[in-house]
*Asks:* 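Have a look at the structure that comes next, please.
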2 protein chains.
Amino acid sequence: MSEQSGSPQRLRVVVADDQATVREPLATVLGLSEDIDVVAAAADGSEVLAAAAAGPVDVVLMDLRMPVLDGIEATRRLGEEHPEVAVVVLTTFADDDSVLGALGAGARGYLTKNAGRRDIVRAIRAAAAGQSVLDHEVQDRLLATVRTQAPGPAQPLPGDLTPREREVLTLIGQGLPNRSIAEQLFISEATVKTHINNLFAKAGIRDRAEAVRRAIETGLA
Amino acid sequence: MSEQSGSPQRLRVVVADDQATVREPLATVLGLSEDIDVVAAAADGSEVLAAAAAGPVDVVLMDLRMPVLDGIEATRRLGEEHPEVAVVVLTTFADDDSVLGALGAGARGYLTKNAGRRDIVRAIRAAAAGQSVLDHEVQDRLLATVRTQAPGPAQPLPGDLTPREREVLTLIGQGLPNRSIAEQLFISEATVKTHINNLFAKAGIRDRAEAVRRAIETGLA
DNA sequence: CCCCGGTTCCACCCGTGGGTCCAGGCGCTT
DNA sequence: AAGCGCCTGGACCCACGGGTGGAACCGGGG
């Protein structure tokens, strides 16, 4: 994106893992790649931040389970203090909390530990180039999360809802009773009920409960 | 994951784009990589399916906007008929519908057309290895979708809810009125109201509407 | 043994919600 | 000017929801 790929400078990489039996061989084997320079090895998140502060770093290969400062929090702070540093997560766990937490904190890659050396190197290069590489299992999980929560426009909510009706529906979705809705819109409660009856008829909504569901699903609330 | 990476066979790639001015140079330049074999060039989705049926294909580099059969639908059918084929999307557009549609259809990569040759080659290799490469803009969009819809355990729901109360809350979250809940649990409506009053007090819920929200947020419904 | 928590139910009250019908004002196009 | 759609309101009705108090049964633990 912004790299001149003609002469690929060696990538400065930090390896972070609390277990020396993982960290040291990993650092060694990565250094074998001619375009990768392992400039530091960190045993916890704070050591990662120290390494980033000490010298220029392109990519951090980050474990999540670390003492003192875990990988997610370290990723988050790295994004604040050194936004130019790309983070690739390498961990044994791929549960929803870990995946969403790490990616939400700004990680640009997520590999599980059954990834091979070639996979890891590829992810590092991709991260440095502004791409992100995900383990396919991680991608599936991410997509599953998206889809279970957004089953597409299930009931796309008829487009002929008037702006006012949409506004009322939004407030219903936030759990407000009619009186509060009336106050917030500076109209009478009777008018609110009128809008509600109209939009219920249009959208085929029976219940206030169903209205809440639809408002949430369609992103109104 | 299931590849022997020791002797990397040449990857059989299909390039699909309706514009010949994009498709042809792309095919040519990809063929320059020593581990990539462009075995077919397709101008629409049906040609992709035909190529996959004709001979073994490892990766399809797919545009989304194509006549006859668009890229998303082609990806979906490819997943049904030839699940071993990995799809990498390469398109100018990165709107939510396209991204979620393509990835939901089974795409294992998503690049925008400002990606360079190295980026594309890397994505193809990653896809063949079971990883997925996303443009960082695409990843951001995907994450934004996840996070707006999953604000985490906002109000974790007190753990001292009895099983029966949790059961009732679940049904409330599905939008059922008390009578239906009573029928479904083989108890009287009075009992349902008792459970509701108890669990409302415990969880600090005022409304049925709020109950619906909490049930959805906590994954009960 | 008796008490306690969960579950089941009753009766009563009243506020809100959901539905219907109607009507005036306002801005738009025909 | 007439018509239409939207927003605004009022009136009325009845069902459902939410809250209270009381009661009975059952199981397990002090």
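All figures in this text were calculated on a predicted structure; none of them were measured in a lab. Lettering follows sequence order; numbering is per chain, from 1.
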*Asks:* Using a strict threshold of under 4.0 Å (side-chain N to carboxylate O), is an ion pair present between A:Arg164 and A:Glu167?
*Replies:*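 So A:Glu167 pairs with A:Arg164 through a salt bridge.
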*Asks:* How does protein contact run along nucleotides 12-30 of chain C, one letter per nucleotide 5' to 3', with B for base contact, S for sugar-phosphate only, - for none, heavy atoms under 4.0 Å?
*Replies:* ----SBBBB----------
*Asks:* So, are B:Arg76 and B:Glu73 salt-bridged, with charged N and O less than 4.0 Å apart?
*Replies:*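 Result for this pair is yes, salt bridge flagged.
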*Asks:* Salt-bridge test for B:Glu217 and B:Arg214: reply yes if a basic N is under 4.0 Å from a carboxylate O, no otherwise.
*Replies:*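 Looking at B:Glu217 and B:Arg214, the cut-off is not met.
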*Asks:* Ignoring backbone atoms, test whether B:Arg164 places a side-chain nitrogen or oxygen under 4.0 Å from the OP1 or OP2 oxygen of C:dT8.
*Replies:*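 Checking B:Arg164 against C:dT8: at least one side-chain N or O falls below 4.0 Å of OP1 or OP2.
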*Asks:* Would you say B:His195 places a side-chain N or O within less than 4.0 Å of OP1 or OP2 belonging to C:dC9?
*Replies:*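 No.
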*Asks:* Can you confirm whether more than 12 heavy atoms, excluding those of A:Arg117, are under 6.0 Å from its CZ atom?
*Replies:*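 Above 12, so yes.
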*Asks:* How bent is the helix from C:dC1-D:dG30 to C:dG24-D:dC7, measuring the angle between the end axes built from five pairs each, rounded to 10°?
*Replies:*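 Roughly 40°, once rounded to the nearest ten degrees.
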*Asks:* Do the non-hydrogen side-chain atoms of B:Leu49 and B:Leu78 ever get within less than 4.5 Å of each other?
*Replies:*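 Answer yes - side chains close enough.
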*Asks:* Checking A:Glu210 side chain against A:Arg206 main chain: does a donor-acceptor pair fall under 3.5 Å?
*Replies:*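 Looks like yes, one N/O pair under 3.5 Å.
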*Asks:* Closer than 3.5 angstrom, by distance alone: can the side chain of B:Glu165 be matched with the main-chain N or O of B:Leu161 as a donor-acceptor pair?
*Replies:*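 No, B:Glu165 side chain to B:Leu161 backbone: no donor-acceptor pair under 3.5 Å.
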*Asks:* Pick one: which of A:Asp63, A:Asp17, A:Leu26 meets side-chain contact (heavy atoms from CB on, under 4.5 Å) with A:Leu90?
*Replies:*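 For A:Leu90, the side-chain contact (heavy atoms from CB on, under 4.5 Å) test succeeds with only one of A:Asp63, A:Asp17, A:Leu26, which is A:Leu26.
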*Asks:* Near DNA chain D, under 4.0 Å by heavy atom, which residues of residues 180-188 of chain A?
*Replies:*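 Nucleic-acid contacts, sorted: A:Ile187, A:Ser188.
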*Asks:* Should B:Val88 and B:Val133 count as side-chain neighbours, where that means a heavy-atom distance under 4.5 Å?
*Replies:*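 A side-chain contact is absent here, since even the closest heavy-atom pair is not under 4.5 Å.
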*Asks:* Can you find a heavy atom in the side chain of B:Asp70 that is under 4.5 Å from one in the side chain of B:Leu64?
*Replies:*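 Side-chain contact under 4.5 Å: no.
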*Asks:* Please report the distance, rounded to the nearest Å, between CG in A:Leu199 and P in D:dG5.
*Replies:*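 From A:Leu199 CG to D:dG5 P: 18 Å.
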*Asks:* Would you name the heavy atoms of A:Ala41 and A:Arg23 that are closest together and state the gap between them?
*Replies:*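 Here A:Ala41 and A:Arg23 meet closest at CB-CD, 3.8 Å.
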*Asks:* Can you tell me how far P of D:dG19 sits from CG of B:Asn198, to the nearest Å?
*Replies:*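 That distance rounds to 11 Å.
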*Asks:* Provide, to the nearest angstrom, the distance between the CG atom belonging to B:Leu171 and the C1' atom belonging to D:dG17.
*Replies:*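 In whole Å, D:dG17 C1' lies 16 Å from B:Leu171 CG.
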*Asks:* OP1, OP2 of D:dC7 versus side-chain N and O of A:Thr162: anything below 4.0 Å?
*Replies:*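 The answer is yes; a side-chain N or O of A:Thr162 sits under 4.0 Å from OP1 or OP2.
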